[in-house]
Protein chains: 4
Amino acid sequence: MVVIMQIKINNASAWPAYQQVVDQIKRDVALGRLKKGQQLPTVRQLAGELTLNPNTIGKAYRQLEQENIIYTRAGAGAFIADIDNQLNKSVRRNLIIDQLEHAAVDAFHMQITKAELRKWFEGILGEFNFNSKEGTSR
Amino acid sequence: MVVIMQIKINNASAWPAYQQVVDQIKRDVALGRLKKGQQLPTVRQLAGELTLNPNTIGKAYRQLEQENIIYTRAGAGAFIADIDNQLNKSVRRNLIIDQLEHAAVDAFHMQITKAELRKWFEGILGEFNFNSKEGTSR
Amino acid sequence: MVVIMQIKINNASAWPAYQQVVDQIKRDVALGRLKKGQQLPTVRQLAGELTLNPNTIGKAYRQLEQENIIYTRAGAGAFIADIDNQLNKSVRRNLIIDQLEHAAVDAFHMQITKAELRKWFEGILGEFNFNSKEGTSR
Amino acid sequence: MVVIMQIKINNASAWPAYQQVVDQIKRDVALGRLKKGQQLPTVRQLAGELTLNPNTIGKAYRQLEQENIIYTRAGAGAFIADIDNQLNKSVRRNLIIDQLEHAAVDAFHMQITKAELRKWFEGILGEFNFNSKEGTSR
DNA sequence: GTGGTCTAGACCACC
DNA sequence: GTGGTCTAGACCACA
């Protein structure tokens, strides 16, 4: 009943392990691999698979809960939540724009052309089934 | 001869101070506000302006030097370097794509449409004088 | 003879399921929807309706009995009790004041005006048939 | 330079220790005892005073940061943030109303009169300097 | 069984 | 010095 996750932890990464878990679960939700109501692996189970401490997974789940990506019920498990993150929109909008600008700055310093960067960007957008007035446009 | 920097540090930001300095200098280079050969403020001078510890500025300059954004000459100061970051292109390519994807994931969770995200992205690209039209500028 | 309950369990809520059952029954008594002597559904019956574990309902009933909101008769069922919670009044007084103060603190951090908060409070009081006019009703 | 806190932890309470720390700091901010920019005690210092583990205090500080009550800077300390919690307003509005209603339900079961409950409520409001169009009205 | 809390003690990045 | 991350292992409430 529990989903099989395809999470990989890079110990050499500058990002903390719990953050990598958060990011990859958010990504899986965005890509449609995880859907509303699905149960996530238990804390202990995922900790075992990734050879991390259960506390570390617990921290990741707590952060996901706070972002309304999942909800957790002690004694029951952790589940993908319904999407309702209209909140904080103004704050997060800036975060997203910051990320895009940051990527553009780095691209400049690598002498990447706008055309190339655009191509990468469109490639990523293509992977998502956005809540799109664009419906079947791809 | 020394450039006047327009750097602002946000103490409440999640990013460490030295990282904010690095990012804003990289951004100014990318936007053309800082050009090859221009001298940066001394560590102590900039530390004074931003009311930061000189160690913090020193760390920022060291990172910029490592990324070949600036070069430092003992007894002379720090200067904007010529662009030659062809080096670890494949590594950085992935970093940029990661950033773009990360932004897209966050956008999904905010229920932002592809069209809107594309608009933001183009807006950012518009600010830069990218190599596309300046292929020979170095 | 058995009352039809209008209880809803929110799985995504931070409150445990048994607590939600307790709260809603207490609320229904306070609002006059449930009256002295009325029989509650059996544990199994309510568990079935709410798709919860009978243990969970059992725990809720046990807590309600302990608070003298209901009484249970072996072989007969659970019934709404007469009000006689004069007992640990001083203890509970503090609990209520704590709740009110907690709400006020949260309201402050949301920059809600006193007038607005007062309006909400009066709105809630209006729903109840308090003892003020029913002094002799028991 | 660091504020002296008047926090007390009740080990017998049903509330976890870290939650009690969060609540009391929020309360002190709301009551005006802690003001924008003030530095909080260090994690280790407060942990020592309350004979709790530094991790427990760290958890409390992290939660306060997420609620935008404070901001923390590794290597510098934790500070009271500027108020800007306009976000989540609709969500939190319901939380506050839930708390008020909960208190009213409990008061009913204690046979407290509306007048008495109102008196308590006004007593609490009196302690706060709300961002009030009521200015000096008290 | 589940997740949540807490402790003890380690190591790291940042200032 | 600061806070942040992580581990190991304990205990608790909930389902």
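Note: hydrogens, waters and symmetry copies are ignored here, and every other heavy atom, side chains too, is used. Naming convention: chains lettered A, B, ... in sequence-line order (proteins, then strands); numbering from 1 in each chain.
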Rounded distance in Å - NZ (B/Lys59) to P (E/dC12): 13 Å

Euclidean distance, atom CD of residue B/Gln20 to atom C1' of E/dC14 [Å, nearest integer]: 13 Å

Reported OH-to-CD1 distance for the pair B/Tyr61 and B/Ile25, which is rounded to 0.5 angstrom: 5.0 Å

Set of residues satisfying ring-ring contact (aromatic ring centres under 6.0 Å, His included) with respect to A/Tyr71, sequence neighbours excluded: A/Phe79

Residue whose closest nucleotide on DNA chain E lies nearer the 5' end, D/Gln19 versus D/Gly75: D/Gln19

Pairwise 5' ranking along DNA chain F for D/Glu65 and A/Arg73, keeping only the more 5' one: D/Glu65

Salt bridge (charged side-chain N to carboxylate O under 4.0 Å, His left out) partners of B/Lys8, counting only residues at least two apart: none

Check: A/Met5 and A/Leu50 side chains under 4.5 Å, non-hydrogen atoms: no

I'd like a table of donor-acceptor pairs (distance under 3.5 Å, sequence neighbours excluded) in which one partner is a side-chain atom from residues 15-23 of chain B, with atom names and distances.
unit_1, atom_1, unit_2, atom_2, d
B/Gln20, OE1, B/Asn10, N, 2.9
B/Gln20, NE2, B/Asn10, O, 3.2
B/Gln20, NE2, B/Trp15, O, 3.0
B/Asp23, OD1, A/His102, NE2, 3.1
B/Asp23, OD2, A/His102, NE2, 3.0

Range on DNA chain F touched by chain D, heavy atoms, distance below 4.0 Å: F/dG1 to F/dC6

Heavy-atom pair of closest approach, residues A/Gly58 and A/Val43: N-CG1, 4.1 Å

Qualifying ring pair (Phe, Tyr, Trp, His ring centres under 6.0 Å) pairs with a residue from residues 26-55 of chain D, counting only residues at least two apart or across chains: none

Sugar-phosphate only, base, or nothing, as touched by D/Gly77 at under 4.0 Å among non-hydrogen atoms: sugar-phosphate

Pairwise 5' ranking along DNA chain E for A/Val43 and D/Pro54, keeping only the more 5' one: A/Val43

Sugar-phosphate, base or nothing in reach of A/Asn53, heavy atoms under 4.0 Å: base

Donor-acceptor under 3.5 Å (B/Gln6 side chain, B/Asp28 main chain): no

Sugar-phosphate only, base, or nothing, as touched by D/Leu52 at under 4.0 Å among non-hydrogen atoms: sugar-phosphate

Residue mapping more 5' on DNA chain F - nearest nucleotide basis, A/Ala76 or A/Tyr18: A/Tyr18

Nucleotide-level pairing of DNA chain E, given in dot-bracket where Watson-Crick and G-U pairs need both distances under 3.5 Å and | marks other strands: ||||||||||||||.

Residue from A/Leu64, A/Leu31, A/Leu34, A/Ile70 passing side chain to side chain contact (heavy atoms under 4.5 Å, CB included) with A/Lys26: A/Leu64

Sugar-phosphate only, base, or nothing, as touched by D/Arg44 at under 4.0 Å among non-hydrogen atoms: base

